[in-house]
Each structure stands twice: as structure tokens, then as C-alpha cells.
Amino acid sequence: MADPLRRPAGWAEILAAPEGVEAEVIAGELWTHPRPRPVHGRVQHLLGGAVGFPFDLGIGGPGGWWIVSEPDISFAPHDIVNPDVAGWRRERVPVFPEERPVAVRPDWVCEILSPSTARRDRHDKSNLYLRHSVPWYWLIDTDARLLQAFEALAGRWVLLGTWGDTDLARVPPFDAVELVVGNLFPPQRAAVSSESDQETP
């Protein structure tokens, strides 16, 4: 006898996820994964500052945005995700979105790739963001030390560019301020070892 059809997952299933596990729902399917590696958290923290100071606080930049790390965003009852960093233009969302989950789609989303989430970020969540009209999507690959930026144009993601360690980049929608891409990543091990060798008496 066939099993009865499962009810599509939603916010209740996310709230019921075990402590220490990150949960999202895409097309009614519950996805869980462990907390990310330290490198992921460092990149997320530094990106939040690199974008947040000039574009949220207006320090060294034009302001005009709300920048939030790991917000729960409900695009639909069965499409609820928590991107690593997201932003809303204040001209469109004048009041800071305090509810959880946020029910207003962001203007920019960034996902930091990890081994457990890379495929989902590149495929399932990419399609979800496009379907729900998010204008800009960034992907940061911590292993390859690369940042890719995409813009939604004519119903598809268009790659605006790929930047690495040595690049100074003006990346839409935050191209008013230059981003030192290499500063997002931890020092490479070879460089750290070399410095340590020089300091050893």
C-alpha cells in the first residue's frame, strides 16, 4: 500500500528543526544542513561589513539599504530560505523588516558556497530567487576564493563578472564603492606558513 502524500513543508517545519541545524524549505521540501565551517562565517561577517558600513550605515558610502545576515525570508508559504546575506533598498522598503520570516523579497542576495550547500545554492535557490524577481544574486566560493555576481535580465541570470583575490571590484548593485575582494578571505596557508618561518628565531 502506498504511503499517503506528505504535506508540503513550511514555516512550522523550520521552527521544529533541531538546535544547531539550519533549515530551509524550497518548493515544499525541507532541507537541513549543519552549521557552516569557520571560513564561511568569517567571509559572511566581513562581507556584511564591507557592504553594510557604506550602504546600510552610510559610512564611506551612499547608504540607502538595509543589510541583514541570515534573515529568514518567506517568498511563499512553501518557499522559505535564509540566505547568508541579503539587502533591501530603503526607497522600496522604508521600514526595517523586523518580522520573522520577512515577507518582502530582497533586492540583493548573497550565498557563500560550502560543500553541503553549493549545488542547492547554484541550482534550487538560484531558480527560486529568479522566479521571485530578486534583481541581483552574488555567489562567493570560499575554496576557489572567487566572487560571482549575476543580474536578473529577461527572465534569466546574466553573469556580470567573476572576481578573485587580487581584484578591486565595483560590483552591482554596490558599485558606488570599490570592494577589495581578497579581504573577504582568510590568508592563504602558504603565505601564513612563510610569515611564521620568517618570525622563527
- Query: Where the side chain of Glu29 meets the backbone of Ile26, is there a donor-acceptor pair that is under 3.5 Å apart?
  - Reply: no

- Query: Is there a path from Ile59 to Ile67 through hydrophobic residues (I, L, V, M, F, W, Y) whose side chains come within less than 4.5 Å of each other?
  - Reply: no

- Test salt bridge (charged side-chain N to carboxylate O under 4.0 Å, His left out) applied to Glu22 - qualifying residues, sequence neighbours left out: Arg35

- Stepwise side chain to side chain contact (heavy atoms under 4.5 Å, CB included) test for Glu24 and Leu30: CA-CA 6 Å; Glu24 300 177 298; Leu30 180 67; over 6 Å; no

- Message: Once rounded to the nearest 0.5 Å, what's the spacing between atom CG of Leu139 and atom CD of Gln148?
- Response: 6.0 Å

- Does atom CZ of Arg119 have more than 12 heavy-atom neighbours from other groups under 6.0 Å away? no

- Message: Can you give me the closest heavy-atom contact between Val109 and Pro83, atom names plus distance?
- Response: CG1-CB, 3.5 Å

- Check for a donor-acceptor pair, side chain of Trp66 on one end and backbone N or O of Val93 on the other, with a separation under 3.5 Å. yes

- Task: Could you tell me whether the side chain of Trp163 and the main chain of Leu179 form a donor-acceptor pair under 3.5 Å?
- Result: no

- Message: Pair Asp124, Arg122 - check salt bridge (Lys or Arg N to Asp or Glu O under 4.0 Å), show working.
- Response: CA-CA 7 Å; Asp124 302 277; Arg122 289 190 180 279; over 6 Å; no

- Note on the structure: When Ile14, Ile80, Val81 are each screened for side-chain contact (heavy atoms from CB on, under 4.5 Å) with Ser74, the one that passes is Ile80

- Exercise: identify the closest heavy-atom pair between Pro115 and Arg37: CD-NH2, 3.8 Å

- Task: Output yes when a side-chain donor or acceptor of His78 lies under 3.5 Å from a complementary backbone atom of Ala27, and no otherwise.
- Result: no

- Value rounded to 0.5 Å, distance of CG in Leu160 from CG in Leu153: 7.5 Å

- Note on the structure: All heavy atoms of Ala149 vs all of Leu159, minimum pair found to be O-CD1, 3.5 Å

- Sort out for me which residue in Ile140, Asp141, Val43 forms a side-chain contact (heavy atoms from CB on, under 4.5 Å) with Leu113. Asp141

- Message: Side chains of Pro97 and Glu99, heavy atoms from C-beta outward: is any pair under 4.5 Å?
- Response: yes

- Item | Aromatic centroids of Phe96 and Trp88 separated by under 6.0 Å | no

- Test applied, ring pair (Phe, Tyr, Trp, His ring centres under 6.0 Å); reference residue, Trp108; option that passes from Trp136, Trp65, Phe174: Phe174

- Message: Is it the case that the side chain of Asn127 and the backbone of His123 share a donor-acceptor pair, with hydrogens and angles ignored and the cut-off at 3.5 Å?
- Response: yes

- Locate the shortest heavy-atom distance separating Val181 from Ala169; write the atom from each residue and the value. CG2-CB, 4.0 Å

- Message: To the nearest 0.5 Å, what is the distance between CG on Leu128 and CD1 on Ile73?
- Response: 10.0 Å

- Under 3.5 Å, is there a donor-acceptor pair between the side chain of Gln44 and the main chain of Asp84? yes

- Determine, using the 4.5 Å side-chain heavy-atom cutoff (strictly less than), whether Phe53 and Phe55 are members of one ILVMFWY cluster. no

- May I ask you to decide if the ring planes of Trp157 and Phe150 are parallel, tilted or perpendicular, using 30° and 60° as cut-offs? perpendicular

- Message: Keeping His33 on the side-chain end and Ala23 on the backbone end, is there a donor-acceptor pair under 3.5 Å?
- Response: no

- Value for CD (Glu13) from OG1 (Thr32), rounded to nearest 0.5 Å, stands at 12.5 Å

- Take Val171 and Leu147 through the test side chain to side chain contact (heavy atoms under 4.5 Å, CB included) and record every step on the way to the result. CA-CA 10 Å; Val171 187; Leu147 183 157; 4.2 Å; yes

- Exam field: side chain Asp167 to backbone Gly164, donor-acceptor pair closer than 3.5 Å: yes

- Query: Atom CG in Leu184, atom CG in Leu146: separation rounded to 0.5 Å?
  - Reply: 11.5 Å

- Message: In this structure, would Val180 and Val177 fall into the same cluster of hydrophobic residues linked by side-chain contacts under 4.5 Å?
- Response: no

- Query: Which pairs count as salt bridge (charged side-chain N to carboxylate O under 4.0 Å, His left out) when at least one residue sits in residues 40-59, sequence neighbours excluded?
  - Reply: Asp56-Arg90

- Message: Does Arg92, at its CZ atom, have more than 12 non-hydrogen atoms belonging to other residues, nucleotides or ligands within less than 6.0 Å?
- Response: yes

- Dump the intermediate steps for side chain to side chain contact (heavy atoms under 4.5 Å, CB included) on Trp138 and Leu47, then the final yes or no. CA-CA 11 Å; Trp138 289 12; Leu47 176 67; 3.8 Å; yes

- Can you check whether Asp72's main-chain N or O pairs, donor with acceptor, with Arg100's side chain at less than 3.5 Å? no

- Item | CG on Asp121 to CD on Glu111, rounded to 0.5 Å | 4.5 Å

- Note on the structure: Taking every heavy atom of Pro173 against every heavy atom of Arg89, the minimum-distance pair comes out as CB-NH2, 4.1 Å

- Asp107 vs Pro135 side-chain heavy atoms within contact, under 4.5 Å: yes

- Cluster link Val51 to Ile112, ILVMFWY, side chain under 4.5 Å: yes

- Message: Using only atom types and a distance under 3.5 Å, with no angle test, would you say the side chain of Arg145 pairs donor to acceptor with the backbone of Pro186?
- Response: yes

- Message: Show the nearest heavy-atom pair for residues Gly49 and Pro54, with the distance to one decimal.
- Response: O-CD, 3.8 Å

- Do Val104 and Tyr137 belong together in a cluster built from hydrophobic side chains that touch within less than 4.5 Å? yes

